[in-house]
Amino acid sequence: MSSRFTALPLPSGEAFLLETDYKGQDFVVLVDSGRRYAGTNPLVTAIHDAAPHIDRIDVAICTHQDADHANGFRTFADQWCGNGNTIGEFWLPGRWAVGFPSVLTNPIGLVTQIREGAESAENRRLVGEDRERLGRDQSGHEKTDTLAPLSKVTDAFREYAVPDWYEDISREDRLATSLGVSADQLSELRAEIEETDSYHDDVFRVAEVSFRSLLRSWLFDEPYERIEVSVRALQALDVAKSISSIARAALRWSIPIRWFDFGLFESTEKPSGGIAGFLKPICSVELSRPPVNPSSDVVFLALALSRQNVESLVFYRVENSREPGVLFLGDSRLSFGLASPKKDFEMPAVSPVRQIIATAAHHGSQVNDHAYEVINQWASGSPLYIRNGGEHNQTLHEFHRQAFRRCAVCRECAGRRTSRRVVVGSVGNEWSWPPLDGAPCPRTN
Ligand SMILES: [Zn+2]
Ligand SMILES: [Zn+2]
């Protein structure tokens, strides 16, 4: 068959669709979801418009927690599956697994853990225990991150790393395992989901009001430093809201989740899991299941995700003799970032021999220019860079220097705001670079 890659234009945020072939069958990968909007989910519409023949997404990947990548997933699955379509699996950031199964079985318990974890982080911070040394910045000041002891989270995850995903168990068992519940619990939860749906929403709504009023009281009455922790607590709660929606959709539509953890990769430097020879993680370790009974500290630290862009998951659709390769970068720089900024991720030992598509990291932002160096060293020939979800006033630097590039959403292309679908099909086993529709930013080639 042939492959087709589509950058889906959304009102805000980023999403990509890859239609390809796995073992002789059509296989559809969705990467990221754009932002959340009330009403009809724009991603559902964008997929229907771009690929009306598709009724199944085999793997829906969320690269990281940023709202412009993750929040569209809050309503996507319910609307997409509600229209009679299916999703095979969710592939999600491993840190989110700490919220399971409590996000389904005991949402108040989860909210309480976030709050307790925040309070204990605050107490540790006040005595200076949480300051992880991160070296010095350009002016010689010591850089610290008060919430950096994420090694606690990594340690809690360590025993759940699996080198290879178990393929032999039934879909229903995979669903239960991925949610962290027993088969009996799964049927109970499923039986009551319609009644508990609004209760779950209420828990998070009430928690948000209470976290916000706590933040307000701290703003006026407490030392300035407390604000950071309370803001992180609100962030953690926001992540919990995403998880709650995705968890309920997974339950409602029977979509097993696979967890990919950056922290374990950071400590082992060996990615694992995914689909062998087909869809490979570059900077994560697949977990066998959510960690059992994580502490409040671990729940809070994992969900507050203080280093989210660094942790963005990267996946490679491996090039083979029949289909060309694709590298999905999310917001990654392809290096270890804060912990060890000069160290690059090791790219797969077998590098592609034909042109690949690579999504422009972090919407082409110059902050992530390093990714081009890593890719251009690894891949032969100049990759086709596709950019989506551009922000206002973004500085694009190296992106403009790439020989082959297209923007789906851009404020510079053709001298005006452009929003268009970018579609690249394959001919034989190679990507076929489409003729230009309007001028690319800022020079033509
Ligand atoms: Zn982003
Ligand atoms: Zn552009």
Side-chain angles (χ1 to χ4, degrees), residues 1-10 14-32 46-54 56-59 61 277-280 314-329 347-348 350-361 363-364 371-372 375-376 378-390 396 398-410 413-414 418-445:
M1 77 157 250
S2 57
S3 294
R4 194 166 80 131
F5 175 95
T6 307
L8 299 160
L10 298 172
E14 174 169 304
F16 298 103
L17 193 71
L18 173 66
E19 299 160 69
T20 187
D21 168 284
Y22 176 57
K23 295 187 171 171
Q25 306 280 324
D26 291 350
F27 197 100
V28 179
V29 182
L30 170 69
V31 179
D32 287 336
I47 296 174
H48 283 319
D49 290 350
H53 52 282
I54 287 181
R56 175 180 175 83
I57 288 164
D58 293 277
V59 172
I61 295 175
F278 175 60
L279 201 53
K280 232 178 124 48
V314 177
F315 288 94
Y316 174 46
R317 189 285 183 233
V318 180
E319 177 195 86
N320 64 29
S321 59
R322 283 164 292 114
E323 307 294 335
V326 183
L327 189 63
F328 294 100
L329 283 165
M347 299 301 286
V350 181
S351 59
V353 296
R354 306 184 302 276
Q355 259 189 329
I356 59 163
I357 285 177
T359 66
H363 325 285
Y372 301 104
I375 297 170
N376 293 346
W378 169 67
S380 52
S382 301
L384 312 172
Y385 284 101
I386 315 270
R387 173 172 170 257
N388 201 355
L396 306 172
E398 275 307 305
F399 176 74
H400 285 160
R401 302 215 171 123
Q402 302 307 313
F404 300 94
R405 60 177 193 277
R406 291 282 188 277
C407 303
V409 176
C410 188
C413 278
T418 317
S419 178
R420 61 187 162 197
R421 201 153 58 216
V422 175
V423 184
V424 187
S426 68
V427 173
N429 61 8
E430 307 221 19
W431 290 118
S432 163
W433 196 226
L436 200 57
D437 159 29
C441 65
R443 291 169 294 168
T444 46
N445 59 45

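Just so we're clear, the structure is a prediction, and the values are computed from it rather than from any experiment. Any value given below was found using the heavy atoms of this structure, including those in side chains, with hydrogens, waters and symmetry copies removed.
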Exercise for review: Could you check Ile357 against Leu327 for side-chain contact (heavy atoms from CB on, under 4.5 Å), going step by step and ending with a plain yes or no?
Suggested key: CA-CA 6 Å; Ile357 285 177; Leu327 189 63; over 6 Å; no

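- Taking CZ of Arg420 as the reference point, atom CG of Leu8 lies at 14.5 Å (rounded to 0.5 Å).
- Looking at heavy atoms from C-beta onward, Pro324 lies in side-chain contact with Ser3 at the 4.5 angstrom threshold.
- Judged as a side-chain hydrogen bond (donor to acceptor under 3.5 Å, both in side chains), and not counting sequence neighbours, Thr6 has no contacts.
- Looking at Arg56, its side chain never comes within 3.5 Å of a backbone N or O of Asp26 through a donor-acceptor pair.
- Every residue two or more places apart in sequence or in another chain that forms a side-chain contact (heavy atoms from CB on, under 4.5 Å) with Asp49 is listed here: Thr45, Arg421.
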Practice item. Walk me through it: do Ile47 and Leu30 pass the test side-chain contact (heavy atoms from CB on, under 4.5 Å)? Key: CA-CA 10 Å; Ile47 296 174; Leu30 170 69; 4.2 Å; yes

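- With values rounded to the nearest 0.5 angstrom, Glu430 atom CD is found 9.5 Å from Ser432 atom OG.
- For Val28, the side-chain contact (heavy atoms from CB on, under 4.5 Å) criterion is met by Leu17, Glu19, Ile54, Ile57, Asp58, not counting sequence neighbours.
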Practice item. Evaluate side chain to side chain donor-acceptor pair (under 3.5 Å) for Arg317 paired with Thr20, printing each intermediate quantity in order. Key: CA-CA 9 Å; Arg317 189 285 183 233; Thr20 187; 2.9 Å; yes

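- Annotation: ring-ring contact (aromatic ring centres under 6.0 Å, His included) contacts of Phe5 (sequence neighbours excluded): Phe16.
- Contact detail for Glu398 and Tyr372: the closest heavy-atom pair is CB-CD1, 3.5 Å.
- The side-chain contact (heavy atoms from CB on, under 4.5 Å) search around Ser419 returns Pro9, Val409, not counting sequence neighbours.
- Across all their heavy atoms, Arg387 and His363 have their closest contact at NE-O, 2.7 Å.
- Without hydrogens or angle criteria, Thr418 side chain to Ala408 main chain gives no donor-acceptor distance under 3.5 Å.
- Residues that satisfy the side-chain hydrogen bond (donor to acceptor under 3.5 Å, both in side chains) test with Asp32, not counting sequence neighbours, are Thr63, His69.
- Using a 30° and 60° split on the angle between ring planes, Trp378 and Tyr316 fall in the perpendicular class, above 60°.
- Within the 4.5 Å cutoff, no side-chain heavy atoms of Val326 are placed close to those of Ile356.
- Between atom NE2 of residue His48 and atom NE2 of residue His53 there is a gap of 12.5 Å, rounded to the nearest 0.5 Å.
- Annotation for Asn388 and Ala15: closest pair ND2-O, 3.1 Å, computed over non-hydrogen atoms.
- With contacts defined as side-chain heavy-atom distances shorter than 4.5 Å, the pair Phe328/Leu18 qualifies.
- The closest donor-acceptor contact from the side chain of Ser382 to the backbone of Ala403 lies at 3.5 Å or more, if one exists at all.
- Pairing each heavy atom of Ala361 with each of Ala371, the nearest pair is CB-CB, 4.0 Å.
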Practice item. Using the side-chain contact (heavy atoms from CB on, under 4.5 Å) rule, take Ile61 and Val59 through it: C-alpha gap first, then chi angles, then the decisive distance, then the call. Key: CA-CA 6 Å; Ile61 295 175; Val59 172; 3.6 Å; yes

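- For the pair Phe399 and Gly364, the tightest heavy-atom approach, listed with the atom from each and the gap, is CB-O, 4.0 Å.
- Annotation: cation-pi pair Arg4/Trp431 absent, no NZ/CZ under 6.0 Å from the ring centroid and within 45° of its normal.
- When the side-chain contact (heavy atoms from CB on, under 4.5 Å) test is applied to Gln355, the partners found at least two apart in sequence or on another chain are Leu384, Phe404.
- Taking each heavy atom of Asn429 and Ser321 in turn, the nearest pair found is ND2-O, 2.8 Å.
- Checked against side-chain hydrogen bond (donor to acceptor under 3.5 Å, both in side chains), Ser426 has no partners two or more places apart in sequence or in another chain.
- With sequence neighbours excluded, the residues satisfying side-chain hydrogen bond (donor to acceptor under 3.5 Å, both in side chains) with Tyr385 are Asn376.
- With sequence neighbours left out, the ring-ring contact (aromatic ring centres under 6.0 Å, His included) criterion links Phe278 to Tyr22, Phe27.
- Shown here are the salt bridge (Lys or Arg N to Asp or Glu O under 4.0 Å) partners of Asp21, two or more places apart in sequence or in another chain: Arg322.
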